[in-house]
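Every number for a ligand or one of its atoms is a count from 1 in the order of the listing.
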Amino acid sequence: MGNGHPILVQTMTTTDTMDTLATVEQSIRCIEAGAQLVRITAPSKNEAENLQHIKDELRRRGYDTPLVADIHFTPNAAEIAARIVEKVRVNPGNYVDKKKFEQIEYTDAEYAEEIERIRERFTPLVKICREYGTAMRIGTNHGSLSDRIMSRYGDTAMGMVESAMEFLRIARSLDYHQIVLSMKSSNPQVMVQAYRLLVKHMAEEFGECYPLHLGVTEAGDGEDGRIKSAVGIGTLLEDGIGDTIRVSLTEDPELEIPVCKDIIKRYEGREQSLTSNMQLATGKLPYSPFEYKRRESFEVSNIGGKQVPVVIADLSKLEKISRTNLQDIGYSYDAGTDKWNIGDAAADYIFCNQPLDFDLPGTLKVILYHQSWLTAPDKEKYVPLFDASQYLDGNMKRSAYLNFVMIDYNWDQYARQPGEQLLEKIKADTTAVICFSSASKNAMQNIRSMFVDLLNKNIKNPAIIICDSSDATTDESLIHYSVEAGGLLLDGFCDGVCFGHHYGNTAVAPQIKLLNSIAFGILQATRTRISRTEYISCPSCGRTLFDLQETTAKIRAVTSHLKGVKIAIMGCIVNGPGEMADADFGYVGSGPGKITLYRSKEVVKRNVASEVAVDELINLLKESDAWVTPSAP
Ligand code: SF4
């Protein structure tokens with residue numbers, strides 16, 4: 001792993017580790033699906049010891065895939081597991097420390113004393129790993145940082161990095177290097193910043209980087225879980241960072257593998273990425289990749305400035321557009337009242353080929369190619385799209401308030417004199433919005449370099465990105481948009497997105513609905529525009545005390561209209577409360593048939609019977625003024 005080896009895919013079992021047969025069979029399903037490493041939880045000595053039976057049975061059946069023991073809180077279990085399996089994962093937030101959520105001020109001497117305590121407790125494990133040739137993951141989680149780290153760094157990306165570095169320094173001092181690190185968070189923004197920062201700090205302190213395991217933790221299920229994972233993991237892979245990946249879904253673990261494979265498939269044959277780890281570490285960019293800061297731009301209509309990124313729905317492939325088509329992008333028409341209802345995820349613009357023959361909702365505008373725009377009767381509702389040559393032509397009629405200008409990275413004049421001329425003209429035009437696109441394999445880096453160009457030239461026009469996909473499956477397209485747009489949004493660059501698809505033989509209308517949903521999902525995952533409820537649900541593991549998939553579906557069914565509310569659904573009380581990070585409400589398994597409900601990190605209702613726990617959650621949302629009555633369908 002690492003040093004240019006192919007990126008490995010992995011997952012984690014959800015069975016009870018003491019149930020040898022169930023764990024072996026689930027591991028086999030994962031391996032058959034393509035998992036190259038299988039992680040199994042070992043919460044105590046008993047489970048750690050049972051790893052031997054699991055390993056023996058797998059080897060007996062002809063499977064030699066490396067196994068990883070997942071450890072939290074129990075050094076004793078780690079020391080047993082390290083003699084059995086190929087790798088142990090420790091969480092530096094809870095390997096030695098028991099989290100008490102205490103705010104303590106540490107003096108330098110007290111802090112050093114704590115590190116010494118960690119050294120004492122961690123050294124035996126390192127020595128066992130060295131002796132047995134066992135690898136180790138130092139796996140930091142945003143939600144489970146120790147009180148010591150929290151008191152000095154807060155729950156920041158820097159805190160996550162330092163948490164791992166404390167353990168890494170000890171391991172290095174013992175000349176142990178079979179290490180991989182991770183910096184997981186359920187928030188892709190924090191996760192991306194933490195990994196980048198870790199690379200920078202390893203390079204600065206050691207002059208070398210250890211391999212990295214990438215993952216967005218508690219990503220949830222379905223479309224949202226896939227988007228969040230692809231945004232976080234894909235952004236880093238585009239940077240050239242990452243050696244093994246896990247897509248953490250609240251679904252059966254073998255279902256994570258095809259998503260992993262779709263993500264890494266994008267990098268086959270792309271040995272040369274434009275940004276390498278070490279280049280990032282030099283920090284010579286006109287923006288910081290370690291913190292979120294939106295690129296400064298002026299407002300043109302509702303685009304740029306402090307406006308949330310807009311969504312442009314591409315309806316140009318529809319032969320005829322009717323009111324019904326607008327339902328797919330968030331607008332529903334009531335013929336009785338002759339009124340439009342606008343959903344939370346309603347596109348702001350549509351792009352099509354000619355003026356429409358019906359009245360549009362008040363908030364929706366239409367983008368037409370310049371030629372068609374000239375024929376549009378209403379120049380307020382309809383705005384033009386120019387290609388670069390048309391825009392440079394001074395004789396073309398323009399909109400008085402909003403003009404879109406296409407710049408394709410591969411437009412061969414971009415880098416030469418006319419490109420400079422084009423940018424100078426745009427810079428002086430307070431009605432111009434740039435539309436960047438690139439069809440190359442390195443499209444994300446191409447567009448990022450164009451944004452860097454805008455920063456260097458102090459061009460403040462808003463800029464949106466146009467991202468096309470010709471991927472064969474829905475999952476591949478979803479990953480494509482998530483990586484290309486997500487990465488740019490996490491760097492604070494985009495003022496809007498427009499996703500297009502080369503449909504082939506597929507029916508166009510259902511795809512438009514899907515693309516609109518993906519666009520809003522990506523904006524939500526990057527926390528740049530909130531339009532839905534946010535679910536943070538753990539993937540479940542051998543500690544899980546209830547059917548997480550079924551419960552998540554139940555909770556989703558009754559709360560999906562609560563825009564912006566973050567609800568965590570966690571399988572166990574041991575790790576759940578710590579790892580639900582910035583959730584507003586938590587639904588956490590606390591014993592067989594028992595649920596404990598949280599408001600932020602505070603326990604509000606303890607040991608509620610699971611049959612009534614969803615109703616109690618609704619009551620809690622009501623008591624906390626976070627509930628709204630769902631509108632009639
Ligand atoms: S929170 Fe979920 S995945 Fe994490 S240890 Fe508990 S049950 Fe397992």
Side-chain angles (χ1 to χ4, degrees), residues 10-19 22-23 26-27 30 38-44 46-48 51 68-74 77-78 81 88-95 98-99 101 137 139-145 182-187 191 213 215-221 225 228-229 246-256 535-553 555 566-583 585-598 601 603 610 613:
Q10 58 173 295
T11 184
M12 182 168 173
T13 55
T14 57
T15 47
D16 178 351
T17 309
M18 294 309 289
D19 188 339
T23 306
Q26 193 178 57
S27 300
C30 296
V38 174
R39 185 157 46 115
I40 301 168
T41 188
S44 73
N46 288 348
E47 285 86 355
L51 290 172
V68 188
D70 196 62
I71 307 289
H72 294 267
F73 300 106
T74 41
V88 287
R89 177 268 168 123
V90 297
N91 178 345
N94 60 29
Y95 189 71
K98 296 276 174 290
K99 197 169 171 64
F101 297 101
R137 168 154 69 99
T140 304
N141 272 9
H142 183 215
S144 56
L145 296 173
S182 63
M183 299 273 114
K184 296 194 185 181
S185 168
S186 62
N187 177 344
M191 174 255 188
H213 162 130
V216 175
T217 191
E218 286 98 31
D221 58 353
K228 255 196 202 177
S229 295
R246 190 231 171 156
V247 167
S248 165
L249 299 175
T250 308
E251 297 178 21
D252 292 340
E254 58 269 32
L255 299 181
E256 296 175 354
Y535 297 98
I536 298 158
S537 60
C538 80
S540 87
C541 72
R543 289 185 193 263
T544 311
L545 295 164
F546 57 91
D547 186 333
L548 238 147
Q549 293 182 35
E550 193 189 311
T551 309
T552 304
I555 294 176
K566 297 193 206 92
I567 301 176
I569 305 142
M570 310 298 283
C572 76
I573 198 96
V574 187
N575 285 333
E579 302 209 354
M580 60 200 197
D582 57 353
F585 298 93
Y587 179 108
V588 181
S590 50
K594 297 280 180 241
I595 302 298
T596 292
L597 298 177
Y598 287 73
K601 297 247 181 276
V603 175
S610 56

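- In this structure, P539 and R246 have side chains that are in contact, with non-hydrogen atoms separated by less than 4.5 Å.
- Two residues are said to be in side-chain contact when any heavy atoms from C-beta on lie closer than 4.5 Å; S144 and N91 meet this criterion.
- If you check which protein heavy atom lies closest to atom 8 (Fe) of ligand 1, you get C541 SG, 2.3 Å.
- What sits closest to atom 5 (S) of ligand 1 on the protein, heavy atoms only, is N575 ND2, 3.1 Å.
- With respect to H213, the side-chain hydrogen bond (donor to acceptor under 3.5 Å, both in side chains) criterion is satisfied by exactly one of Q10, R39, R89: Q10.
- Side chains of L51 and I40 form a contact here, defined as non-hydrogen atoms less than 4.5 Å apart.
- Scanning the protein for heavy atoms near atom 2 (Fe) of ligand 1, the closest one is C538 SG, 2.4 Å.
- What sits closest to atom 7 (S) of ligand 1 on the protein, heavy atoms only, is T544 OG1, 3.4 Å.
- Of all atoms in ligand 1, listed by their number and element, those nearer than 4.0 Å to a heavy atom of G571 are 2 (Fe), 7 (S).
- Coordination check, C572 versus atom 6 (Fe) of ligand 1: passed, since an N/O/S atom of the residue sits under 2.8 Å.
- Contact check for M570 versus N575: no side-chain heavy atoms found under the 4.5 Å cut-off.
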